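Input: a single structure, listed below in C-alpha cells.
This structure is a prediction, so every number in the text was calculated from the model and none was measured. Just so you know, ligand 1 is whichever comes first in the structure, and atom 1 is the first atom listed for that ligand.
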Amino acid sequence: MEDRNTAMIVLLLLCIAAELQVDGLSLDVCASCHPNANCDDKSDGSGKVCNCMYGFVGNGRTYCQDKDECQIGASKICGFQTTCHNTYGSYYCTCLSGFNPSNNMDVFIPNDGTHCQDIDECTITGLCGEGGQCRNLEGSFDCSCMLGYEVQNGAAPFHPHTDKAFCKVVDCGRPVPAEDTVLLSVSGTTYGSAAMLVCEEGFVRRRGNNRSVCEADGRWRGGDMICEEVDCGLPPAAPHSHRLWDQSSRLGSRVIYQCYSGYHNVGRGNVTVCTAAGEWERPPVLCKETLCGSPPIIESTVQVWDGGSAPGSRVLYVCKEGFKISGGNNSVCSETGQWTNPTLTCQAECGPAPVLDHSEVVWHNQSVVVHRCVEGYHSWRGSNISVCDSSGEWRSATLTCIEIKPPVHHLRVLNERCVKWRAEKYEEDTEKYKVTYTGSRDYQRSFHDKRKRFLSSKADELQLCLNLLPVTNYSISITAASSRFTASITTNTSLTVPPAPDVYYREFETPVPTLRLRRAPNKLDPISVYQVFVLPVEGIMIFDCSSPASSDPKIKSSSEYITGQFDVQHVGTEMNFTVGDGLLYGGFFNAPLQNGRSYYIILRSVSQWKSALKSSCVLWAKVTGTSYVLRVSSLSATAFVGLVAFFIIGGYSFNWFLKRT
Ligand SMILES: *[C@@H]1O[C@H](CO)[C@@H](O)[C@H](O)[C@H]1NC(C)=O
Ligand SMILES: *[C@@H]1O[C@H](CO)[C@@H](O)[C@H](O)[C@H]1NC(C)=O
Ligand SMILES: *[C@@H]1O[C@H](CO)[C@@H](O)[C@H](O)[C@H]1NC(C)=O
Ligand SMILES: *[C@@H]1O[C@H](CO)[C@@H](O)[C@H](O)[C@H]1NC(C)=O
Ligand SMILES: *[C@@H]1O[C@H](CO)[C@@H](O)[C@H](O)[C@H]1NC(C)=O
C-alpha cells in the first residue's frame with residue numbers, strides 16, 4: 001500500500017527548457033527553469049518557456065510551489081463521501097467510514113472514475129441479533145425487531161454496537177383453556193406456538209376454534225371453542241321392542257332393547273350407547289316375529305295341524321294305517337321358534353316273528369325278537385336278533401343252530417378193515433387224531449394186538465384202514481387232540497380161509513407111504529387143524545373141500561375117510577406122516593391101505609370158530625395100484641391132469657381148486 005501510495009504520487013518534475021529572452025539576448029531559457037518546472041515549446045513556436053510542473057504553481061523560473069488541491073473541498077475534487085489528502089505535488093482520496101471505494105483500493109485518485117459507495121452492512125447475517133431486522137442506511141445501518149420479537153433495553157431502531165438494546169421473542173405464557181375445555185397439546189409458549197383444545201369428557205364442541213396460537217402481541221388467540229355437555233336426548237325406538245333406560249342421556253348412557261313376546265332378536269345386539277357426538281348409536285336390535293314354520297315330517301304319520309306356527313301352536317301326529325304308535329304323539333312350537341321333537345315312531349306291524357330252525361324266542365318286544373338255539377344245538381354263526389323294520393318286514397336273524405356233536409362221531413367200521421368217522425370242528429382247522437386199537441381173542445389168551453396210528457386232517461369225513469387180524473374182537477378208540485375227546489367202537493373180524501401147508505407131492509407104490517409137509521404160517525393156529533383124507537380111486541370121484549369135517553369117522557357118505565387129524569398148534573415146522581400105520585391120530589384111525597388099490601391122499605387145512613368154518617385142500621400124494629382118473633367137480637379130466645402137473649412143479653395147492661362145485 002505504501003509502495004502503491006508512493007507510486008501514486010506523480011512527480012511531475014520536468015526539465016522545462018525555458019527560452020530565456022533577455023533583451024534580445026538569446027539565452028538558454030530551459031536552463032533557467034525551476035526544478036519543479038518543465039521546459040516547453042512555446043505555442044507559437046517562437047522559443048521555449050518554463051512551466052511549473054503539474055501540482056506546482058509559480059512562474060516556472062524562480063519559483064514553483066506546491067499546490068493544495070484539497071483546498072477546493074474534498075467533495076469537489078474526490079467526490080461524495082470522501083476525504084481528500086494533499087501530498088507534495090499531488091493528493092489522494094479516501095472514503096468516509098461506511099463507504100467503500102469502487103475500485104476496492106484503500107486510496108484512489110478520482111480521475112479513473114473511482115468513487116465511494118455505501119457499504120450494505122445488512123448482508124452480514126445476525127448483525128442485529130436473534131429476531132432483529134437490519135436496515136441499511138447511507139454509510140450506516142440500524143436494527144429493529146421482527147414480528148413476534150420486541151426490543152429490550154431500549155427502543156427501535158437501535159444500533160447493536162452502540163446501544164444495549166436487543167430483540168427478544170414474545171412469550172405468551174401458558175395458555176389457559178376456556179371453560180369446559182382441556183389442553184390437548186401445546187407446542188410452546190413463544191410467538192407462533194400453538195395449543196390444541198378439546199372438550200372436557202362428556203362435553204361436545206358446539207362451535208369455535210380448537211386451535212390457539214401465540215401471537216406477536218404476547219396473547220393466545222383463536223382457542224375460542226365452545227363446548228357443551230353431551231346430551232343424546234331420547235333414545236331411538238326400535239320396532240317390536242321395549243327400551244330399558246335409566247333416563248340418562250349423557251355420554252356413555254346405555255339403553256337395552258327387548259323384543260316383545262312372540263318376537264326374537266336377529267340383530268347384532270340389543271344395547272345402544274350415547275356417543276360423544278351427542279347421538280345415540282343406531283340400535284342394533286332387530287326384532288322378528290318368532291315362527292316355527294312347518295312341523296317336522298315323521299315317517300308313516302299324518303299331521304293334524306291348524307297351520308299355526310307361532311309359539312304355543314301344536315301339531316298332533318297319527319300313525320298311518322297298518323302302523324302302530326310308540327312314543328309321544330305331538331309337537332309344540334317353542335319360544336325359540338322350533339318345534340319340539342316328537343318322540344313318536346310309527347312302527348309297521350310285521351306279524352309273527354320269523355322261525356329259525358332249532359331255535360326259540362328268548363325275548364321280544366313289539367319290534368325286536370331275540371332268538372337262541374334250543375338245547376342240544378349251538379349257534380354256529382349269524383345274528384340272533386330279528387328286527388321289524390319300518391316297512392313292516394322282518395329283518396330276520398341269520399342265526400344258524402347246529403347240533404352239538406362230539407368232535408368225533410358217526411364212528412363205524414367198513415369191511416372189517418377201515419374205520420370211518422365224522423369230524424366236528426371249525427372249518428379249516430386241522431385236527432390231530434390218535435387211533436388206538438386192541439385186539440383180543442377168547443380162544444387165544446396170550447394174543448394181544450395193540451397198535452396206534454396218528455392222523456392229521458382238515459377233512460370232515462375221515463377214513464383210516466387198519467390191518468386187522470381175523471377172528472379177533474377189536475376195541476378201537478379215536479381221540480381228537482384239540483378236545484381230548486375219545487370215541488370208541490368195538491368190532492370183530494371174521495374167519496378167513498386158512499392157508500394150506502407146503503407139501504411135497506409124491507407118487508408112491510407102497511401101501512405105507514411117508515408123506516412130508518412144511519406147515520404154513522397161520523395166525524389162527526389154536527382153532528386150526530390139518531386133516532389127512534384118503535380117497536380110494538374108484539369111478540368118478542368128487543371131493544368137497546368145504547364139507548364139514550365129520551368128527552365121527554364111522555359116518556361116511558363115500559369111501560373117502562379121514563385117516564388122521566393134527567392140531568396145527570402142535571405141528572412143528574415140518575411133519576412126516578406115514579399113511580396106514582394103524583395108529584390113532586387125533587381120534588382118527590390111520591387104517592392100513594389095501595394092497596393093489598390106488599389112493600389119493602389129500603391134506604385139508606381147517607379153521608373153525610364157533611359155527612364158522614373155512615378150509616383149504618392140497619393133493620398130497622398118489623398111491624398107485626390101478627389107473628383111475630380123479631374127477632373133481634366140474635373140472636374136466638384134462639384140466640385135472642394139467643393140475644397134477646402143476647402140483648408136481650410147484651408143490652402147492654389152492655383151496656379153490658378142490659372146492660366143491
Ligand atoms: C380441531 O378442529 C378441526 C376442525 O374444526 C378438526 O378437524 C380437528 O380434528 C380438531 N382437532 C382436535 C384435536 O380436536
Ligand atoms: C324294543 O327293544 C329295542 C331294544 O331294546 C328298542 O330299541 C326298541 O325301542 C323297543 N321297541 C319297542 C316298540 O318297545
Ligand atoms: C368176542 O366177544 C364175544 C362177546 O364177549 C365172545 O362171545 C366171543 O367169543 C369173542 N370172540 C373172540 C374171537 O374172542
Ligand atoms: C361179530 O360181529 C357181527 C357183526 O359185525 C355180529 O353179528 C356177531 O354176533 C359178532 N360175533 C361175536 C362173536 O361177537
Ligand atoms: C422126515 O423124514 C425125513 C426123511 O425121511 C427126515 O430127514 C426128517 O428128519 C423127518 N422129519 C421129522 C420131523 O421127523
Side-chain angles (χ1 to χ4, degrees), residues 298-301 319 322-329 341-351 353 361-371 383-395 397 413 416 437-450 468-476 488-496 498 501-506 508 510 512-519 522-528 530 532 564 566 568-579 581 583 585 601 603 607-614 620-621 651:
I298 296 167
E299 228 179 304
S300 317
T301 65
C319 287
F323 291 80
K324 60 180 182 308
I325 192 164
S326 72
N329 67 345
N341 227 1
T343 53
L344 147 135
T345 50
C346 287
Q347 188 78 40
E349 288 171 303
C350 284
V361 169
V362 60
W363 182 89
H364 71 94
N365 66 10
Q366 287 176 329
S367 58
V368 170
V369 174
V370 180
H371 307 262
S383 140
N384 66 339
I385 295 174
S386 294
V387 178
C388 176
D389 69 18
S390 53
S391 64
E393 306 255 323
W394 284 106
R395 250 188 298 120
V413 178
E416 301 186 356
Y437 51 110
T438 312
S440 64
R441 290 169 170 170
D442 278 0
Y443 56 88
Q444 191 179 11
R445 295 286 167 200
S446 62
F447 176 88
H448 284 294
D449 181 19
K450 196 169 168 134
L468 300 182
L469 299 176
V471 205
T472 309
N473 280 348
Y474 276 100
S475 167
I476 304 171
S488 297
I489 192 173
T490 56
T491 189
N492 58 31
T493 50
S494 52
L495 188 60
T496 52
D502 293 346
V503 295
Y504 302 86
Y505 174 82
R506 284 182 62 188
F508 296 93
T510 164
V512 278
T514 298
L515 310 182
R516 291 178 63 194
L517 66 80
R518 192 180 314 126
R519 69 174 273 196
N522 187 0
K523 302 206 165 70
L524 297 172
D525 291 353
I527 53 167
S528 300
Y530 290 148
V532 184
F566 306 91
V568 173
Q569 60 187 328
H570 298 135
V571 175
T573 43
E574 290 217 343
M575 186 182 87
N576 293 346
F577 175 63
T578 303
V579 180
D581 67 359
L583 298 175
Y585 290 97
I601 312 296
L603 179 68
S607 293
Q608 186 171 15
W609 175 245
K610 301 197 171 161
S611 58
L613 182 145
K614 292 282 165 74
W620 201 355

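- The side-chain hydrogen bond (donor to acceptor under 3.5 Å, both in side chains) check on T578 picks up T514, with sequence neighbours excluded.
- Contact residues for ligand 2 (protein heavy atom closer than 4.0 angstrom to any ligand atom): W363, N365, Q366, S367, V368.
- Looking at S607, its side chain never comes within 3.5 Å of a backbone N or O of K614 through a donor-acceptor pair.
- Under a 3.5 Å cut-off, the side chain of Y474 and the backbone N or O of L469 do form a donor-acceptor pair.
- Taking the side chain as every heavy atom from C-beta outward, I601 and V532 approach each other to under 4.5 Å.
- For D449, the salt bridge (Lys or Arg N to Asp or Glu O under 4.0 Å) partners are R451, not counting sequence neighbours.
- In this structure, L524 and R441 approach most closely via the heavy-atom pair CD2-NH2, 3.8 Å.
- Ligand 3 lies out of reach of N492, whose nearest heavy atom is not under 4.0 Å from it.
- Every residue was checked against the salt bridge (Lys or Arg N to Asp or Glu O under 4.0 Å) condition with R395, not counting sequence neighbours, and none meets it.
- When each atom of ligand 3 is checked for a heavy atom of R441 under 4.0 Å away, the hits are 14 (O).
- Atoms of ligand 3 found under 4.0 Å from any heavy atom of W609, numbered from 1 in the order shown, are 9 (O), 13 (C).
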Does F577 form a ring pair (Phe, Tyr, Trp, His ring centres under 6.0 Å) with Y585? I'd like the steps, not just the answer. CA-CA 10 Å; F577 175 63; Y585 290 97; 5.0 Å; yes
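- By the 3.5 Å distance cut-off applied to N or O atoms, K610 is counted among the residues near ligand 3.
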